[in-house]
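The shown structure was predicted, so the numbers you read here are calculated from the model rather than taken from an experiment.
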Amino acid sequence: MLEKYKPTAFMLETSRYDTDKADRAVMFIESLCHTKGEWAGKPFKLLPWQETIIRDLFGVVKSDGTRQFNTAYIEVPKKQGKSELAAAVALYLLCADGEQRAEVYGCAADRQQAGIVFSVAADMVRLSPALTRRVKILESQKRLVYRPSNSVYQVLSAEAYSKHGFSVSGLIFDELHTQPNRKLFDVMTKGSGDARKQPLYFLITTAGDDTHSVCYEQHKKAEAILEGNKHDATFYPVIYGAGTDEDWTNEAVWRKANPSLDVTVGIDKVRAACESAKQNPAEENSFRQLRLCQWVKQSVRWMNMQAWDVCGFPVDTVSLEGRVCYGGLDLSSTNDITAFVLVFPPTDDEPFFVLPYFWLPEETVDWRVRRDSVPYDVWARTRLLKTTEGNVVDYAFIEKFIDELGAKYNIREIAYDRWGATQMSQNLERLGFTVVPFGQGFASMSPPTKELMRLTLSEKIAHGGNEILRWMMDNVFVRTDPAGNIKPDKERSAEKIDGIVGMVMALDRAIRCGNAAGESVYDHRGILWLD
């Protein structure tokens, strides 16, 4: 128990602190067990910051004995025991809050995210003999049923906003900052608990990057209440994070922002993440957002161009002939840049070699030079940039060119962005190439994008100092998701990045498949010429 607990400063004069109710909530939660890692199976001993929240929420009551607070906004960095605390609160509301036929809901941006807290809660039930006898776990439905009061804890899908009729006694909203809009939030919080005496909306999240989101709205409200600029007796604000002007590399700032530091996460892990972020600008925002709970911009310029330039090692196209390689094709639009990039996996102690190719419609070159102030004309004269006749890219010309490359290099696979490339992919398949559709989301793009940065910093990639590829790399901004995954952001990047996208796709296939035995499509036939 807390040695020196003081009821929250936000308690009304007409409210009181009910020690018995606070103790009941704390004792229930501490009767549960942790479910993960080194803590698995051990009693859930609330950390001081967690116990303060529980005592404030369940112990501060109005004159009629019901809770003063019906909304709690808890903003903390990752790895602070957030999911475990949320799961414990959900189980208390389900089993011990004294509410008949309680309806407790778990919400997040999607069913999978909401299922994280549910899975922790279900494991806590399994580890508790008393709850195992009383709680039925319906894993496939993401549902818990507390038999004595016929109460339910249910995970809701993202489409829940289209369904009404909820009578919410408890709401666990995990990672509020990932909500794409406010529809689900409004359905679950606006009037849904009117039939209950003391509904509790427990909102728990890390910081986000969208200042137009419902989470940022709640963040600003919490901030204003904490600063004394706003008053809402029903709203309980907790924000652990670094100020926008504080040094994100300062360990004292880390300790201020991470109330569970050295308990649920070691400072060595934070140090390592900080060192990585210092070297990689793309990771800085992720570090500040997830580790320090700072609201940051969604996209950040990615590459350290000095490190990129170091990797301008010569690429000998003749010595690469016959070597296994993988292609990445980004068609873009018919009047824009099309990029095809070959990546050669290393043999022995050598880097990944990169050969990029670019095309523009011939009739648009001068216009684009004037519009963009980019030396496309110079690149065309030096043959870094290839042009096709007319004012749109001639895909047949590119197919023929790729076919000719296949006679020189052992192109095992060609990865392509599904958007707009269906016909060319079919044509390339007919030419004998293995083509692989490549998603442009975080799941597909993040691993090779991060690996490209690692290879660059370790000088394990050779791009020959290609001017167009360098220009595109300098244009790259990356977008980061809540899990710290990254991907090149075409919308926010300063200019064209098609070659980088192509390189990332090719690199992914080169890493996955390497130099494994296989045959080129040209082992059994010559070049097919297109009319």
Side-chain angles (χ1 to χ4, degrees), residues 177-178 180 206-213 216 244 248 273-274 276-292 294-311 328 330-333 336-339 341 354 356 358 368 371-376 415 417 419-420 438-457 461 463 466-508:
H177 76 281
T178 63
T206 52
D209 52 31
D210 183 359
T211 56
H212 300 289
S213 65
Y216 191 69
T244 54
W248 60 274
C274 182
S276 182
K278 287 178 182 177
Q279 297 182 52
N280 184 351
E283 292 183 19
E284 178 185 330
N285 271 9
S286 179
F287 179 87
R288 291 170 57 195
Q289 177 188 341
L290 301 178
R291 299 282 187 177
L292 300 182
Q294 288 182 322
W295 284 76
V296 296
K297 292 180 180 178
Q298 220 167 20
S299 294
V300 60
R301 189 178 292 275
W302 184 49
M303 180 57 70
N304 178 331
M305 293 308 296
Q306 192 171 14
W308 177 257
D309 290 340
V310 169
C311 294
D330 192 332
L331 290 184
S332 195
S333 62
D336 218 331
I337 295 177
T338 289
V341 182
V354 178
F358 306 97
R368 288 182 65 91
R371 189 193 70 174
D372 303 336
S373 299
V374 175
Y376 297 107
D417 178 0
W419 187 88
F438 200 96
Q440 301 299 294
F442 288 107
S444 299
M445 295 295 286
S446 184
T449 302
K450 289 183 175 181
E451 184 64 12
L452 176 56
M453 176 61 78
R454 190 193 71 79
L455 292 171
T456 301
L457 295 176
I461 197 160
H463 52 70
N466 183 281
E467 290 180 33
I468 302 179
L469 198 65
R470 186 192 191 281
W471 169 68
M472 289 184 172
M473 182 58 82
D474 198 28
N475 292 334
V476 173
F477 279 67
V478 293
R479 185 184 292 263
T480 306
D481 77 355
N485 296 310
I486 63 173
K487 66 173 184 175
D489 187 351
K490 282 191 174 184
E491 292 180 5
R492 293 175 184 253
S493 294
E495 248 287 2
K496 300 303 172 186
I497 63 170
D498 311 86
I500 306 305
V501 173
M503 179 169 56
V504 166
M505 293 191 291
L507 179 62
D508 179 88

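- In this structure a side-chain-to-backbone donor-acceptor pair under 3.5 Å is missing from D508 to P448.
- When all heavy atoms of G439 and S444 are compared, the pair lying nearest together is O-CB, 3.2 Å.
- Across all their heavy atoms, T449 and W302 have their closest contact at O-CZ2, 3.2 Å.
- Pairing each heavy atom of I497 with each of P488, the nearest pair is CD1-CB, 3.9 Å.
- R470 contributes atom CZ, which lies 11.0 Å from atom CE of M303 (distance to the nearest 0.5 angstrom).
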Open item on the list: Checking W248 against F287 for the ring-ring contact (aromatic ring centres under 6.0 Å, His included) test, could you report, in this order, the C-alpha distance in whole Å, the side-chain angles of both residues, the deciding distance, and whether it holds?
Closed with: CA-CA 9 Å; W248 60 274; F287 179 87; 5.6 Å; yes

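- Note that the CG atom of N304 and the CE atom of M453 stand 7.5 Å from one another [nearest 0.5 Å].
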TODO: Could you walk me through whether I337 and M472 pass side-chain contact (heavy atoms from CB on, under 4.5 Å), step by step?
DONE: CA-CA 11 Å; I337 295 177; M472 289 184 172; 3.8 Å; yes

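- Atom CZ of R288 sits about 11.5 Å away from atom SG of C274, to the nearest 0.5 Å.
- Of the residues listed (T456, L452, D309), the one engaging M473 in a side chain to side chain contact (heavy atoms under 4.5 Å, CB included) is L452, and it is the only one.
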Task: Intermediate values then yes/no, side-chain contact (heavy atoms from CB on, under 4.5 Å), V354 and N466 - done: CA-CA 9 Å; V354 178; N466 183 281; over 6 Å; no

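- D481 CG to S446 OG: the interatomic distance, rounded to the nearest 0.5 Å, is 7.0 Å.
- In terms of heavy-atom proximity, A207 sits nearest to H177 at O-CD2, 3.6 Å.
- F442 meets the ring-ring contact (aromatic ring centres under 6.0 Å, His included) test with no other residue; sequence neighbours excluded.
- The structure places CG of D330 at 11.5 Å from CZ of F438, a figure rounded to the nearest 0.5 Å.
- Taking the six-membered ring for Trp, Y216 and W295 have ring centres closer than 6.0 Å.
- Scanning all heavy atoms of the two residues, the minimum distance from V341 to G499 falls at CG2-O, 3.4 Å.
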TODO: Take V501 and D417 through the side-chain contact (heavy atoms from CB on, under 4.5 Å) test and state the conclusion after the steps.
DONE: CA-CA 9 Å; V501 173; D417 178 0; 5.8 Å; no

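- Atom CG of D474 is separated from atom CE of M305 by 4.5 Å, given to the nearest 0.5 angstrom.
- Looking only at distances, a side-chain donor or acceptor of T338 sits under 3.5 Å from a matching main-chain atom of L331.
- Between K496 and R368 there is a side-chain heavy-atom pair separated by less than 4.5 Å.
- Applying the side chain to side chain donor-acceptor pair (under 3.5 Å) rule to Q440 yields no partners; only residues at least two apart in sequence or on another chain are considered.
- Heavy-atom minimum distance, A443 versus P447: O-CD, 3.5 Å.
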Task: Audit row: I486, K450, side-chain contact (heavy atoms from CB on, under 4.5 Å) steps and yes/no - done: CA-CA 7 Å; I486 63 173; K450 289 183 175 181; 3.8 Å; yes

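- In this pair, H463 and W308 present their aromatic rings parallel. The plane angle is below 30°, not in the 30 to 60° band.
- Ion pairing between a basic and an acidic side chain is recognised when a charged N comes within 4.0 Å of a carboxylate O; E451 and R454 show such pairing.
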